[in-house]
Amino acid sequence: MRKTFLYLFLGCFSIVAAQTEPVDYVNPFIGTTNYGTTNPGAMCPQSFMSVTPFNVMGSDLNKRDKDTGWWSTPYSFDNKYFTGYAHVNLSGVGCPDMSSLLLMPTSGDLEVDYRKYGSEYKNETASPGYYSNLLTKYNIKTEVSATPRVGIARFTFPKGQANILLNLGEGLTNESGAMIRRVSPTEIEGTKLLGTFCYTASQAVFPIYFVMRVNKTPENTGYWKLQRPGEKWEREWNSDAGKYKLYTRYDKEIAGDDVGAYFTFDAKEGETIEVQMGVSFVSIENARLNLETEQPKADFDAVHKAARKSWNDDLSRIIVEGGTDDQKTVFYTGLYHALVHPNILQDVNGQYPAMESSEIKTTNENRYTVFSLWDTYRNVHQLMTLVYPERQIQMMHTMIDMYKEHGWLPKWELYGRETYTMEGDPSIPVIVDAWFKGLKDFDVNTAYEAMYKSATLPSKENLMRPDNDDYMKLGFVPLRGEFDNSVSHALEYYIADWNLARFAEALGKKEDAKLFYKRSLGYKHYYDKETGAFRPILPDGTFLTPFNPTQGMNFEPNPGFHEGSSWNYTFAVPHDIPGLAKIMGGDKAFVNKLQSVFDKGYFDVTNEPDINYPHFFSNFKGEEWRTQKLVKQLLNDHFTNSPGGLPGNDDTGTLSTWAVFNMMGFYPECPGRPDYTLVTPTFDKITIKLNPDYYKSDKVVIESVKPMDTANANYIGSLRIDGKEHNSFRITHDELTGAKEIRYLLKPIADK
């Protein structure tokens, strides 16, 4: 662990007593190693502008490098070589994209090759809405913050020549090509192409437009462009071949795959220069409008103050008391990560790029983007529904509008383009879950039309369920290619169809409900009594042979399963645990088999299909203690106040949200079912502020009461809701949001 990190935290610990606000507990460095793929960049809640240190290229000093291996985040805490600040970044994703418009300050002679102008750094600090470091090569202090659509940087220079560089040739995107135009000595504008996320949809590309301003008139400005190497005979007379060529007297626009712009200044000792970066996904004009509206002048301190307040307001919707400072940091950092994506897409004038279209449309509410739904349908949207329902309903509006624009609900949407990453039909459980929890102010008929379409169209017409012919005819998806993820696909269709059946029933569509409910039970086809696990089925109806249910661990290729083993999927039927237990030989056999998954190390806390395995024990009377024990153990072992404090890829907040819910004492075990499984709260008192426009109570207070003679009371003895005994280890959404006080009466020994 680097000394700078230790100094940072020692400093934090020394002022813990003075911490009174949730924002003070957030540690943005959590999840920045161990493939958590979060970053400590500055942004506002659920905004599309983020300004993030970029340290994953250009030097052997780095442990992780985007050009030598798969790397999907602009930052790693283990790295040491800084090459600028990236604007508009993704958090907790598994594929590279975005993280472009690299802004870098240097001093001394001008150098535009990032391998040479990069610098080591120290004095690294971060908090919500702020990041800073000191570039040791130049003795430049760098600071960044942001408003929702505009970034701001403040650079403090030593005496002498100061340089500010904007590199459009590098970033995490899989696309290339950019244009820059000088508007005035202090302003440039342009665009860069982004997209091809996960390499799954090569046409899923989109432009980002920008306007950049500096608050001091430079001595000189210019461009650079990397020249093609050319043939040997060309290199003999072209001294710039294969090099970065400086354009010192050219002042019109310039374009290419690897271009950049520079500003040079004569700086006094300790002089600060502020740089603003407005962006848009609609036009350069909108990027300028965003900049002028949100930051009419460069005022770093005011922007930082406003960003901090916006975070504290959002985080303060849940107040926790008791527990350790580290536990509070894990909790509030988890909530912070959950509030990064989905994020807004529209400009200040309401304009946004329509889904899979060149059309520009206008909205009078928030238009959201970055729907990593295979991950977030399991818990992130449930958190939005509970704590931020006014945003969740707008996310649902966005999803339905995407259907109106494109003909399909989103699967894994990114800035108006569908990436088709992962599997299933994940918009269905998101919308149905919120509907059953009371969020019904949306176009229900169009939503049902969209769901019915993806559930019933044949494969050749179906962008959401490409293997729907087999699924509709057979009730399962057979293995037709060695690694075609057939079982994973089908299991996602089952949970989607179960949700669709409930939605149809509630809307009075009885026959549809019967059809989709019957389909949702098709998981039984995959159960293999010989191994006790789900097993791929061949087109002739026989099981795949040979078969190893442990194959697929550590992301090795595995027939029928996506990024996991059969054991990561065999219990992934949250909508019918009683039915699954029956085919496994009864309740006791089910519990023993599920327990063995944990005992043998088959459980993967980082893998979404089995993320709710610990909660399934609570479906069986007398076994609820196992849920409470396992959840506490997993929280203690895998969620910590450290850079490696997430067990793996955060998946746009999904792992963080798992921790947030469980630390509060309840978890949404089954998407589409409006209830929560009870677990032991981490804190003595949790106050959840509820939106009275949506819920009966304006807040619910959750208290944990331990026996006076012991502090080691880790199990739930009983529960009281507003003073009345609650005889269940599950609580409905209406009970939770209609209560004033919920008291967990804890005990030290489990009932076994």
Side-chain angles (χ1 to χ4, degrees), residues 1-16 18-19 23-33 38-43 50-59 61-64 73-86 89 102-108 114 117-146 151-160 162-165 267-275 300-301 303-305 307-308 311 329 333 641-645:
M1 184 176 290
R2 293 214 306 270
K3 291 182 179 179
T4 52
F5 181 78
L6 293 175
Y7 294 155
L8 167 67
F9 276 82
L10 288 173
C12 288
F13 291 158
S14 68
I15 60 170
V16 158
Q19 291 178 335
V23 71
D24 295 314
Y25 286 102
V26 175
N27 172 12
F29 293 105
I30 289 177
T32 57
T33 62
T38 63
N39 67 71
M43 65 177 300
S50 60
V51 192
T52 296
F54 197 94
N55 71 352
V56 293
M57 69 178 185
S59 174
L61 294 171
N62 287 339
K63 183 177 180 180
R64 310 289 184 186
T73 179
Y75 175 91
S76 173
F77 187 81
D78 293 331
N79 284 0
K80 300 179 180 180
Y81 194 72
F82 176 89
T83 50
Y85 283 106
N89 305 272
L102 298 183
L103 181 66
M104 179 72 184
T106 69
S107 62
Y114 67 88
Y117 69 58
S119 173
E120 293 186 70
Y121 53 96
K122 64 179 182 179
N123 299 347
E124 186 178 32
T125 61
S127 60
Y130 179 82
Y131 173 89
S132 176
N133 65 23
L134 180 70
L135 304 184
T136 57
K137 182 176 181 178
Y138 306 111
N139 195 32
I140 297 173
K141 181 180 180 180
T142 80
E143 302 170 273
V144 292
S145 189
I152 188 168
R154 181 166 64 189
F155 303 134
T156 304
F157 289 97
K159 179 179 174 58
N163 311 299
I164 293 176
L165 317 176
K268 299 176 182 178
E269 182 65 34
E271 182 175 3
T272 62
I273 298 176
E274 297 190 11
V275 186
F300 186 91
D301 290 332
V303 171
H304 176 205
K305 182 179 179 181
R308 174 186 164 86
W311 276 112
T329 294
T333 305
N641 183 13
S642 67

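Computed from a predicted structure; not experimentally measured.
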Exercise. Please step through side-chain contact (heavy atoms from CB on, under 4.5 Å) for the pair T136 and S119, ending with a clear verdict.
Key: CA-CA 7 Å; T136 57; S119 173; 4.1 Å; yes
Exercise. Please lay out, stage by stage, how I30 and T38 fare under the test side-chain contact (heavy atoms from CB on, under 4.5 Å).
Key: CA-CA 8 Å; I30 289 177; T38 63; 5.9 Å; no
Exercise. Report the C-alpha separation of L103 and I164 in whole Å, then their side-chain angles, then the decisive distance to 0.1 Å, and conclude whether the side-chain contact (heavy atoms from CB on, under 4.5 Å) test is met.
Key: CA-CA 7 Å; L103 181 66; I164 293 176; 3.6 Å; yes
Practice problem: I would like to know whether Y85 and V144 meet side-chain contact (heavy atoms from CB on, under 4.5 Å); could you show each step before the answer? | Solution: CA-CA 8 Å; Y85 283 106; V144 292; 3.7 Å; yes
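In this pair, F300 and H304 present their aromatic rings tilted. The plane angle is within the 30 to 60° band. Ring planes of F29 and F77: perpendicular class, angle over 60° (limits at 30 and 60°).
Defined by atom type and a distance below 3.5 Å, a donor-acceptor pair is present between the side-chain atoms of N89 and T52. Looking at T73 and N39, their side chains never bring a donor and an acceptor atom within 3.5 Å of each other. Defined by atom type and a distance below 3.5 Å, a donor-acceptor pair is missing between the side-chain atoms of T329 and N27.
For the atom pair CZ (F82) and CG (L135), the distance works out to 5.5 Å, reported to the nearest 0.5 Å. The distance from atom CG of D301 to atom CD of E274, rounded to the nearest 0.5 Å, is 7.5 Å. To the nearest 0.5 Å, atoms CD1 (I140) and CD1 (I273) are separated by 9.5 Å. Distance CG/L134 to CG/N139: 5.5 Å, rounded to 0.5 Å. The OG atom of S127 sits 7.0 Å away from atom CZ of R308, with the distance rounded to the nearest 0.5 Å.
Partners of R64 under the salt bridge (charged side-chain N to carboxylate O under 4.0 Å, His left out) rule, at least two apart in sequence or in another chain, do not exist in this structure. Under the salt bridge (charged side-chain N to carboxylate O under 4.0 Å, His left out) criterion, K159 pairs with no residue at all, not counting sequence neighbours. In terms of the salt bridge (charged side-chain N to carboxylate O under 4.0 Å, His left out) criterion, residue partners of E271 (sequence neighbours excluded) are, by chain and number, K216.
Across all their heavy atoms, Y75 and P40 have their closest contact at CD2-CD, 3.4 Å. Smallest separation of non-hydrogen atoms from T83 and Y114: CG2-O, 3.8 Å. The two residues N62 and K80 come nearest to each other via the heavy atoms OD1-N, 2.9 Å. Minimum interatomic distance between S76 and V56 (heavy atoms only, all atoms of both residues): N-CG1, 4.2 Å. In plain terms, the two heavy atoms of F157 and T106 that are nearest each other are CE2-O, 3.5 Å. Contact between N79 and K63 at its shortest, heavy atoms only, is OD1-N, 2.7 Å.
A 4.5 Å side-chain heavy-atom check between Y131 and P28 finds every atom pair outside the cut-off.
Y25 contributes no side-chain N or O that, together with a main-chain N or O of T333, makes up a donor-acceptor pair within less than 3.5 Å. Under a 3.5 Å cut-off, the side chain of W311 and the backbone N or O of M43 do form a donor-acceptor pair. At distances below 3.5 Å, not a single donor-acceptor pair connects side-chain atoms of Y117 with backbone N or O atoms of L165. With N163 contributing its side chain and G108 its backbone, the two residues share a donor-acceptor pair below 3.5 Å. Side-chain N or O atoms of S132 include one that pairs as donor or acceptor with a backbone N or O of T142 at under 3.5 Å. S145 places a side-chain N or O within donor-acceptor distance of the main-chain N or O of G129, the cut-off being under 3.5 Å.
Looking at R154 and E143, a side-chain N of the basic residue comes within less than 4.0 Å of a carboxylate O on the acidic one, giving a salt bridge.
The number of heavy atoms from other shown groups lying within 6.0 Å of NZ (K137) is above 12.
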